[in-house]
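Read the structure below first, then the notes.
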Amino acid sequence: MEIVPNARGLGCRVEGIDLAEPLSDAAFEAILRAFADHAVLHFPGQDLSPEAHKAFAARFGSLEVNVAAGRYTVPGHPEIMVLSNIVEDGAPIGLADAGQDWHTDMSYSAVPAFLNVLHAIHVPRRNGAPLGATEFLDMAAAWDALPEAAKARVRGRTATHDFDKFWSRMVAMPGSRREPLTPARRAARPPVSHPIALAHPLSGRTALYCNVGYATRVDGAGEAESAEILALLFAHQVQDRFKSVHRWTEGDVLAWDNLRTMHNAVADYGPDEPRLMRRCQTMADWVLGEGARRFGPAAAPA
């Protein structure tokens, strides 16, 4: 296995490994360290069964069953969500608008997401060029570049994250097939709070964990102060200097660290340009607990 860092921005390419096979302990630890160093890992040329997809993702934490997935899952595998604009027999086979704006997956959960593991089955193309890229923002770099006065205002504070903020925005988009959240789904994901300055459990670096997709207010602040701080953070975090882009090819597996990144699915393809992805979400229960104790900065040799 070889880990090749990207020339610029986040990420690395991981070559010489078949994710259809169980990870050795050495490969697991090398990949875990690559997440700490690079945040976005690209495994090209993979052919994963649903079982292998889940087995890889589950090495890093518990797997999520998305509260809003509904019927858009692989049959018999509720942990694998189908993301697609394909319509068969008049019905969509997947969620067509998943991730189409800046956000951090599952920051609205009391235990947030660690990894998103996305497998490309079919990539839309136009004139030979791939469409539907995924963009990333490095929130560790964003924290480092935040002015000291702004850091002082948010250090030690928390922000509320609300599932309904992003969902309602998608419902309001022209042509959306989403329906407003039912009371039951809303109750299943009540608002939660997280530190705005988050110490990463593996690298120890601080990341700006207050994403534009789900963060709704700064806890303990008045309405005007909260709105001012959020506007400052949101404008800061989406700057191009923090951005990198992955352009997909069939067989790609892309796994990224939600504790350090924001992402956006670029919707530059039409309904006649089919896209099909399968997604597993790994929760941060293991990495914030046993993983941090075993592999985090406090566990590293002096």
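Keep in mind the model is a prediction, meaning the values are calculated, not measured. The first residue of the sequence shown is numbered 1, and numbering continues consecutively from there.
Summarising the geometry of Ala30 relative to Ile3, their closest heavy-atom pair is O-CD1, 3.8 Å, with the distance given to 0.1 Å. Contact between Pro78 and Val65 at its shortest, heavy atoms only, is O-CG1, 3.8 Å. The shortest non-hydrogen separation linking Ala140 to Asp138 is N-OD1, 3.0 Å. In this structure, Ala221 and Arg217 approach most closely via the heavy-atom pair O-NH2, 2.6 Å. Arg205 approaches Ala141 most closely through the heavy-atom pair NH2-N, 3.9 Å. When all heavy atoms are compared, the tightest approach of Val253 to His119 is CG2-CD2, 3.6 Å.
Side chains of Thr160 and Val192 form no contact here, defined as non-hydrogen atoms less than 4.5 Å apart. Proximity of His122 to Arg275: side-chain heavy atoms (C-beta onward) are nowhere separated by under 4.5 Å. Looking at heavy atoms from C-beta onward, Leu146 lies in side-chain contact with Leu233 at the 4.5 angstrom threshold. Under the 4.5 Å side-chain criterion, counting only non-hydrogen atoms from C-beta, Glu64 is not in contact with Glu79. Trp248 places none of its side-chain heavy atoms less than 4.5 Å from the side chain of Pro130. Val14 has its side chain within reach of Met1: a pair of non-hydrogen atoms, C-beta onward, lies under 4.5 Å apart. Here the side chains of Val123 and Leu131 are not in contact, with every heavy-atom distance at 4.5 Å or above. Inter-residue side-chain proximity for Arg279 and Val117 is flagged as unmet; no heavy-atom pair is nearer than 4.5 Å.
Put simply, the side chain of Arg155 never gets that close to the backbone of Ala197: no donor and acceptor are under 3.5 Å apart. At least one donor-acceptor pair closer than 3.5 Å links the side chain of Asn85 to the backbone N or O of Gly270. Not one N or O on the side chain of Gln281 forms a donor-acceptor pair closer than 3.5 Å with the backbone of Phe114. With hydrogens and angles ignored, the 3.5 Å screen pairs no side-chain donor or acceptor of Asp252 with any backbone N or O of Leu254. For the pair His194 (side chain) and Ser109 (backbone), a donor-acceptor distance under 3.5 Å is present.
A tilted orientation is assigned to the rings of Phe60 and Phe28, their planes being inclined by 30° to 60°. Below 30°, between 30° and 60°, or above 60°: for Phe56 and Phe43 the angle between ring planes is above 60°, a perpendicular geometry.
Under 3.5 Å, the side chains of His200 and Asp257 contain a donor-acceptor pair of N or O atoms. For the residue pair Thr104/Asn258, the side-chain donor-acceptor check at 3.5 Å is not satisfied.
Grouping the Ile, Leu, Val, Met, Phe, Trp and Tyr side chains by contacts below 4.5 angstrom, directly or via other members, places Leu118 apart from Leu276. Taken together through direct or relayed side-chain contacts under 4.5 Å among Ile, Leu, Val, Met, Phe, Trp and Tyr, Leu115 and Leu32 form part of one hydrophobic cluster. Under the 4.5 Å side-chain heavy-atom criterion for grouping Ile, Leu, Val, Met, Phe, Trp and Tyr, Met81 is not connected to Ile86 through any hydrophobic cluster. Hydrophobic clustering (ILVMFWY, side-chain heavy atoms < 4.5 Å, transitive): Tyr269 and Leu95 are in distinct clusters. Cluster membership for Val74 and Leu63, using ILVMFWY side-chain heavy atoms within less than 4.5 angstrom, is not shared.
The pair Asp25-Arg59 meets the salt-bridge criterion, with a side-chain N (NZ, NE, NH1 or NH2) lying under 4.0 Å from an Asp/Glu carboxylate O. Using a 4.0 Å cut-off between a side-chain N of Lys or Arg and a carboxylate O of Asp or Glu, Asp162 and Lys165 do not qualify as a salt bridge. Between Arg125 and Glu273 there is no salt bridge, since no side-chain nitrogen of the basic residue lies less than 4.0 Å from a carboxylate oxygen of the acidic one. Under 4.0 Å is where a charged nitrogen must lie from a carboxylate oxygen, and between Lys151 and Glu148 at least one such pair does. A salt bridge links Arg13 to Glu15: one of the charged nitrogens lies within less than 4.0 Å of a carboxylate oxygen. With salt bridges taken as basic N to acidic carboxylate O contacts below 4.0 Å, one links Arg153 and Glu228. Between Arg157 and Asp219, none of the side-chain N atoms (NZ, or NE/NH1/NH2) sits under 4.0 Å from a carboxylate O, so this pair counts as no salt bridge.
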Verdict with reasoning, Thr73 to Ile80, per side-chain contact (heavy atoms from CB on, under 4.5 Å) = CA-CA 6 Å; Thr73 57; Ile80 303 181; 5.9 Å; no
Can Leu230 and Cys210 be said to form a side-chain contact (heavy atoms from CB on, under 4.5 Å), step by step?
-> CA-CA 8 Å; Leu230 290 182; Cys210 187; 3.6 Å; yes
Under the side-chain contact (heavy atoms from CB on, under 4.5 Å) criterion, do Ile31 and Leu23 qualify, and how do the steps go?
-> CA-CA 10 Å; Ile31 290 170; Leu23 288 182; 4.0 Å; yes
Residues His103, Tyr214; criterion side-chain contact (heavy atoms from CB on, under 4.5 Å); working and verdict = CA-CA 7 Å; His103 66 292; Tyr214 294 112; 4.0 Å; yes
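A distance of 5.0 Å separates CG of Leu10 from CZ of Arg260, quoted to the nearest 0.5 Å. Distance OH/Tyr209 to CE/Met262: 11.0 Å, rounded to 0.5 Å. Atom-to-atom distance recorded for Thr134:OG1 and Asn116:CG is 8.5 Å, nearest 0.5 angstrom. Atoms CE and CG, from Met277 and Leu83 in turn, are 8.0 Å apart once rounded to the nearest 0.5 Å. The distance from the CG atom of Leu137 to the CD atom of Gln237 is 7.5 Å, given to the nearest 0.5 Å. Between the NZ atom of Lys54 and the SG atom of Cys280 there is a distance of 7.5 Å, given to the nearest 0.5 Å.
Between His263 and Trp256, the ring centre distance stays below 6.0 Å. Tyr108 and His161 have their aromatic ring centers separated by at least 6.0 angstrom.
Other residues, nucleotides and ligands contribute over 12 non-hydrogen atoms within 6.0 Å of the CG atom of Asp18.
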